[in-house]
Amino acid sequence: MPEILEIETYRRLAELAVGRTIAGVSAPDAWFLKGGIDAGAVIDAFTGTTIETTRRRGKLLMLDTSGPVLGLRFGMTGRLLVDGEAAIDSLEYSSDRNDPAWDRFGLDFVGGGGLVLRDPRRLGGVEINPDDEALGPDAWSIGAAGLRDVLAGSKAPLKARLMDQKRLAGLGNLLTDEILWRSALDPVRPANEVDATEVKRLHRTMRRVLDQLDERGGSHQGDLQDQRSRDGVCPRDGAPLERRKVGGRTTYSCPQHQL
DNA sequence: ATTGTGGCCTGCCCGC
DNA sequence: TGCGGGCAGGCCACAA
């Protein structure tokens with residue numbers, strides 16, 4: 001599914017749109033428009049504007065234009081296409097089919113080409129001037145001290161805290177399981193009981209996982225991924241993995257070494 | 001205030 | 001062979 005790595009890949013693709021002027025806006029799916037806007041509003045807001053920069057905060061992709069900011073969210077099955085080219089061919093938990101009927105939002109550029117958000121399950125969305133400040137600091141750039149602050153004073157399960165986008169923006173279910181597995185930390189540990197040494201280890205691991213899985217090609221390329229199934233075993237020590245719901249999400253962890 | 005839960009959306013897979 | 005139930009999780013509304 002799209003997590004911070006995939007959204008960053010989308011952002012790099014969206015760089016192709018910088019400097020181009022929007023000739024037309026296609027918003028066929030009212031459900032996909034968030035923040036109380038309708039198709040007319042989004043068409044009026046962006047038609048004739050020029051895309052100036054791309055930004056990302058966590059899983060939120062923003063296109064700054066000469067008018068308002070266009071905010072794009074991808075849910076768990078959303079993909080981005082620019083000039084007909086997809087940034088990512090195949091997405092975990094999404095369909096491998098590539099059906100234009102799933103196009104929920106699109107921009108046409110002056111001189112040809114365009115940008116399309118294709119989302120089978122319609123869990124993504126489009127927003128005008130999204131409130132990115134409501135999100136926590138970006139997981140890819142936060143420092144160790146920042147991560148300590150994210151965890152401090154919370155009795156919530158460690159995993160739930162890491163996935164709370166208002167506290168820390170970008171991590172989804174697969175990345176979080178991989179990071180905690182490599183960090184040897186139990187996902188259900190109360191966040192405020194992770195000590196200073198462990199926070200440093202967690203931070204170091206998070207950075208390494210993001211850099212490494214970005215190079216490998218996505219959130220689903222973690223070392224734990226192949227064993228994220230009911231009969232999975234820990235790739236490190238061979239113990240049967242534990243399968244639980246943590247923070248409302250299916251969680252795999254090793255009872256042997258994640259403490 | 002914080003933390004937890006249920007529902008939304010839809011394609012796919014499994015078992016009958 | 002077709003059908004139905006369960007599952008996936010990012011996000012939000014709502015409850016405690």
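Here is the naming used below: chain letters follow the sequence lines, and residue numbers restart at 1 for every chain. Only heavy atoms go into these numbers, but all of them, side chains included; no hydrogens, no water, no symmetry mates.
Side-chain proximity of R228(A) to dT10(B), dG9(C), dG4(B): nearest is dG9(C). Distance from the side chain of R122(A) is smallest to dC9(B) among dC12(C), dC9(B), dT3(B). Closest approach to the S154(A) side chain among dG10(C), dT10(B), dT3(B) is made by dT3(B) (side chain taken as heavy atoms from C-beta onward).
A straight line from CZ of F74(A) to P of dA8(C) spans 24 Å, rounded to a whole angstrom. Computed from coordinates, the L151(A) CG to dT3(B) C1' distance equals 16 Å when rounded to whole Å. Between R79(A) atom CZ and dG10(C) atom P the separation is 17 Å, expressed in whole Å. Regarding Y10(A), its OH atom lies at a distance of 13 Å from the P atom of dG10(C), rounded to whole Å. Rounded to whole Å, atom P of dG10(C) lies 6 Å from atom CG of N173(A). One interatomic measurement links the two molecules: CZ of R249(A) to C1' of dG7(B), which rounds to 11 Å at whole-angstrom precision. In this structure, R230(A) atom CZ and dA8(C) atom C1' are separated by 11 Å, rounded to whole Å. In this structure, R121(A) places its CZ atom 9 Å from C1' of dG9(C), rounding to the nearest Å.
Under the 4.0 Å criterion applied to side-chain N and carboxylate O atoms, E133(A) and R57(A) are assigned as salt-bridge partners. In this structure, R244(A) pairs ionically with D186(A), as a charged nitrogen and a carboxylate oxygen lie closer than 4.0 Å. At a threshold of 4.0 Å, the pair D99(A)-R118(A) does not count as salt-bridged, since none of the basic side-chain nitrogens sits closer than that to a carboxylate oxygen.
An OP1 or OP2 oxygen of dA8(C) is reached within less than 4.0 angstrom by a side-chain nitrogen or oxygen of R243(A). Note on T77(A): every side-chain N or O is 4.0 Å or more away from OP1 and OP2 of dG9(C). Taking 4.0 angstrom as the limit, W102(A) places a side-chain polar atom (N or O) nearer than this to OP1 or OP2 of dG11(B).
Listed for the H257(A) side chain is no donor-acceptor partner under 3.5 Å among the backbone atoms of R182(A). Between the side chain of K34(A) and the backbone N or O of W31(A) there is at least one donor-acceptor pair closer than 3.5 Å. Put simply, the side chain of D103(A) never gets that close to the backbone of F105(A): no donor and acceptor are under 3.5 Å apart. Here the side chain of R73(A) pairs no donor or acceptor atom with the backbone of L123(A) at under 3.5 angstrom.
Within residues 26-38 of chain A, no residue places a heavy atom under 4.0 Å from DNA chain B. For DNA chain B, the residues of residues 158-172 of chain A within the heavy-atom distance limit of 4.0 Å (strictly under) are R161(A), R167(A), sorted by number.
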Apply the test side chain to side chain contact (heavy atoms under 4.5 Å, CB included) to residues T77(A) and W102(A): give CA-CA distance (whole Å), side-chain angles for both, the deciding distance (0.1 Å), then the verdict. CA-CA 10 Å; T77(A) 57; W102(A) 297 330; over 6 Å; no
Using the rule given for side-chain hydrogen bond (donor to acceptor under 3.5 Å, both in side chains), can you reason through S66(A) versus T49(A), listing the C-alpha separation, both sets of side-chain angles and the distance that settles it, and then say yes or no? CA-CA 5 Å; S66(A) 54; T49(A) 67; 4.6 Å; no
